[in-house]
Amino acid sequence: MLSSVIGGARIPAGPRSYRSTDPSRTSETVAEVSLADAGGFADACRAARTAQDAWRDVPPPVRGQAVAALGRLVEANKAALARVVTREVGKPYAEALGEVQEIADTCAFFLGEGRRLYGRTVPSEMPDKQLFTFRDPVGVVAVITAGNFPVAVPSWYIVPALLCGNAVVWKPAEYAAACAEAFYELFAHAGLPGGVLNVVYADGAETFRGLERALGEGLVDKVGFTGSTEVGSRIGELCGRHLQTPCLELGGKNPMVVTEDADLPLAVEGALFSGFGTAGQRCTSLGTAIVHEEVHGEFVRLLDEAARAAVVGDPAGDVLYGPMISERFAGGFEKALGWIGPGHTVHGSTGTGRITAANPREGFTGDAEAGLYYHPVIVDGVAPGDELFMNETFGPVIGVARYRALDEAIALANAPGYGLSASIYTTDPAKVFAFRRRISAGMVSVNNSTSGAEAHLPFGGNGRSGNGSRQSGVWVLDQFTRWQSMNWDYSGRLQKAQMDVLEIEPDLGFRL
């Protein structure tokens with residue numbers, strides 16, 4: 001039975017619990033999780049507040065040593081952690097290895113930032129006066145993450161937050177509790193003092209109530225949330241009441257524009273990976289391929305052929321994707337499949353919906369009756385006004401729309417109101433820069449898929465995809481630090497800015 005860790009101590013198991021299962025074999029339990037209530041979440045924030053003062057005073061280069069140690073521990077335990085990810089959330093093992101590598105990359109980047117939390121010395125307009133700026137930690141950071149990237153995405157928050165001198169309360173997805181537990185153990189053995197990182201297992205309702213209480217008591221200074229747009233809006237509203245700006249990384253309906261001059265086989269390869277990788281359960285998954293009418297038919301033919309040839313099944317093997325993460329996500333995807341209408345044409349597999357003995361998938365490698373496996377679906381003919389076009393689907397489905405002019409393609413790409421990731425396949429630089437200038441996405445790929453992030457590049461979205469906050473690279477430091485300015489006047493007299501300033505008197509009437 002897993003239970004929360006608060007102030008460096010495991011709290012006793014309570015009366016409420018959750019059973020995390022293997023989505024490829026739903027009868028198998030991966031972890032039994034004791035769920036905390038709102039009071040437990042607030043207690044964790046209180047413990048973090050107590051621990052943060054001492055952690056703030058640890059010099060940043062020394063805090064970087066803990067990040068370096070975590071990176072080494074992650075690399076040493078890479079295979080073991082990846083196996084936990086595969087078993088609990090159904091991510092193919094090769095992808096799980098890549099996710100764990102992302103943690104190591106994040107640590108490799110940020111361990112050096114402990115020596116580069118630079119302020120600036122700024123010249124004053126007054127003599128015998130100096131101006132300075134400093135980065136200070138915000139204080140206590142509450143991090144709430146989803147389970148589709150159960151260890152990589154939390155590292156985007158927790159690693160830089162700790163490096164900057166904050167204490168953290170992390171609420172992982174309860175359906176990825178075993179992943180969270182393994183990741184916490186690596187942090188704990190990296191030398192963090194007790195209370196600097198607290199883990200709270202709780203459901204969504206109790207987490208929200210606990211966060212509301214903690215904010216009301218002044219225990220939380222920053223909230224980081226990765227999850228749905230609906231929940232992110234509620235968290236943003238709650239934080240706004242306390243004059244806080246959260247870091248919100250939300251959903252996506254990510255477009256891929258395929259121009260008439262695109263390399264079609266390459267575009268198809270990108271669509272297959274970004275649309276069906278992780279069973280479409282990524283915030284950066286391809287939502288709609290917007291294809292020029294001259295190449296539309298050939299693109300659909302090639303994508304259909306590629307999807308039918310792809311191996312779906314047991315995530316321990318070499319597959320394009322495995323099961324849905326949980327029954328909840330499977331149910332949500334089935335709702336999205338209900339948006340397929342009479343004006344749409346379906347491609348991609350020998351069936352739609354759940355893969356079963358009665359609805360088989362050619363080349364399937366898993367135990368269909370035991371797991372939450374679904375056919376890949378390509379839906380041609382989607383358009384604005386269709387629910388399938390406008391909404392995130394979070395499952396293995398790609399919509400296809402056609403366009404005539406690039407202006408129309410960009411308008412279609414922006415229409416759903418999300419703004420996370422967008423891609424264009426073209427060999428024309430003019431199209432690339434026209435697309436980049438007018439697309440609403442925070443991240444743009446050229447001749448590459450909508451999915452994929454690197455540890456030193458800003459990650460984040462706009463509109464329904466987030467509030468403009470960015471993670472990764474040096475940009476995330478602005479989420480977890482506050483700028484403080486200081487002026488030091490050693491002239492021995494009061495010098496008033498904008499008033500006691502020496503003036504140069506030019507002769508502006510001079511002419512040659």
Side-chain angles (χ1 to χ4, degrees), residues 1-5 16-26 28-36 41 44 74 77-78 80-93 95-103 106 142-159 168-188 197-207 224-228 231 249-251 277-283 285 315-316 321-333 371-372 394-395:
M1 174 70 73
L2 302 180
S3 64
S4 302
V5 181
R16 300 172 61 249
S17 65
Y18 177 88
R19 188 172 71 95
S20 176
T21 60
D22 181 342
S24 66
R25 299 170 184 83
T26 56
E28 294 187 9
T29 299
V30 179
E32 289 281 354
V33 189
S34 175
L35 298 179
F41 187 92
V74 167
N77 291 274
K78 182 175 180 178
L81 184 55
R83 284 194 295 270
V84 177
V85 171
T86 294
R87 184 163 184 243
E88 188 168 39
V89 301
K91 184 168 292 191
Y93 182 65
E95 274 193 57
L97 286 171
E99 174 167 351
V100 176
Q101 182 60 45
E102 198 162 335
I103 307 169
T106 297
V143 174
I144 304 166
T145 55
N148 57 333
F149 283 86
V151 290
V153 168
S155 76
W156 296 356
Y157 290 102
I158 299 171
V159 169
V168 175
V169 175
W170 176 31
K171 204 298 284 188
E174 59 270 33
Y175 56 85
C179 297
E181 184 72 16
F183 196 26
Y184 170 76
E185 287 295 331
L186 296 177
F187 271 108
L197 175 61
N198 306 272
V199 181
V200 179
Y201 300 113
D203 62 25
E206 290 299 316
T207 299
F225 172 76
T226 294
S228 71
V231 175
E249 299 298 344
L250 310 178
T278 321
Q281 299 168 110
R282 302 172 179 149
C283 57
S285 290
Y321 68 87
M324 302 297 288
I325 294 172
S326 70
E327 293 279 3
R328 178 163 68 88
F329 289 105
F333 181 56
L372 302 171
F394 218 69

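All residue numbers refer to positions in the sequence shown, counting from 1. The analysis underlying the following values was restricted to heavy atoms, covering all of them including side chains, and did not include hydrogens, waters or symmetry mates.
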Report the distance from atom OH of Tyr184 to atom CD1 of Ile158, rounding to the nearest 0.5 Å.
11.0 Å

Looking at every heavy atom in both Ser24 and Asp22, which two are closest together, and how far apart are they?
OG-OD1, 2.7 Å

Using every non-hydrogen atom in the two residues, find where Leu81 and Cys179 come nearest and quote the distance to one decimal.
CD1-O, 4.4 Å

Ser17 side chain to Ser34 main-chain N or O, any donor-acceptor pair under 3.5 Å?
no

Without swapping roles, check the side chain of Asp203 against the backbone of Glu206 for a donor-acceptor pair under 3.5 Å.
yes

With Thr145, which of Trp170, Tyr157, Trp156 fulfils side chain to side chain donor-acceptor pair (under 3.5 Å)?
Trp170

4.5 Å side-chain heavy-atom contact, Pro172 and Tyr201
yes

How many angstroms lie between CZ in Phe333 and CG in Leu372, if you round to the nearest 0.5 Å?
12.5 Å

Lys171 NZ/CZ over Phe225 ring centroid, <6.0 Å and within 45° of normal
no

Between Phe187 and Val159, is there a side-chain heavy-atom distance shorter than 4.5 Å?
yes

Electrostatic pair Glu174-Arg16, nearest N-O below 4.0 angstrom:
no

Suppose we call two aromatic rings close when their centres sit under 6.0 Å apart. Are Tyr175 and Phe329 close by that rule?
yes

Minimum heavy-atom separation for Thr29 and Arg87, please, with both atom names.
O-NH2, 3.6 Å

Under 3.5 Å, side chain of Glu99 to main-chain N/O of Ala152, donor-acceptor pair present?
yes

For the student: nearest non-hydrogen atoms of Gly322 and Pro92, plus distance:
N-CG, 4.0 Å

Could you tell me if the side chain of Ser4 sits less than 4.5 Å from the side chain of Val200, heavy atoms only?
yes

What pair of heavy atoms forms the shortest contact from Leu97 to Ala82, and how long is it?
CD2-CB, 3.7 Å

Mind checking the CD-OG spacing from Glu32 to Ser3? Nearest 0.5 Å is all I need.
13.0 Å

Between Pro23 and Pro323, what is the shortest heavy-atom contact and its length?
O-CB, 3.6 Å

Check: Val89 and Asn148 side chains under 4.5 Å, non-hydrogen atoms
no

May I ask you to decide if Ala177's main-chain N or O and Glu88's side chain share a donor-acceptor pair within less than 3.5 Å?
yes

Contact between Phe394 and Met324 at the side-chain level, heavy atoms closer than 4.5 Å - yes or no?
no

Under 3.5 Å: donor-acceptor pair, side chain of Ser155, backbone of Ile103:
no

Is the backbone of Thr278 close enough, under 3.5 Å, to the side chain of Gln281 for a donor and an acceptor to pair up by distance?
yes

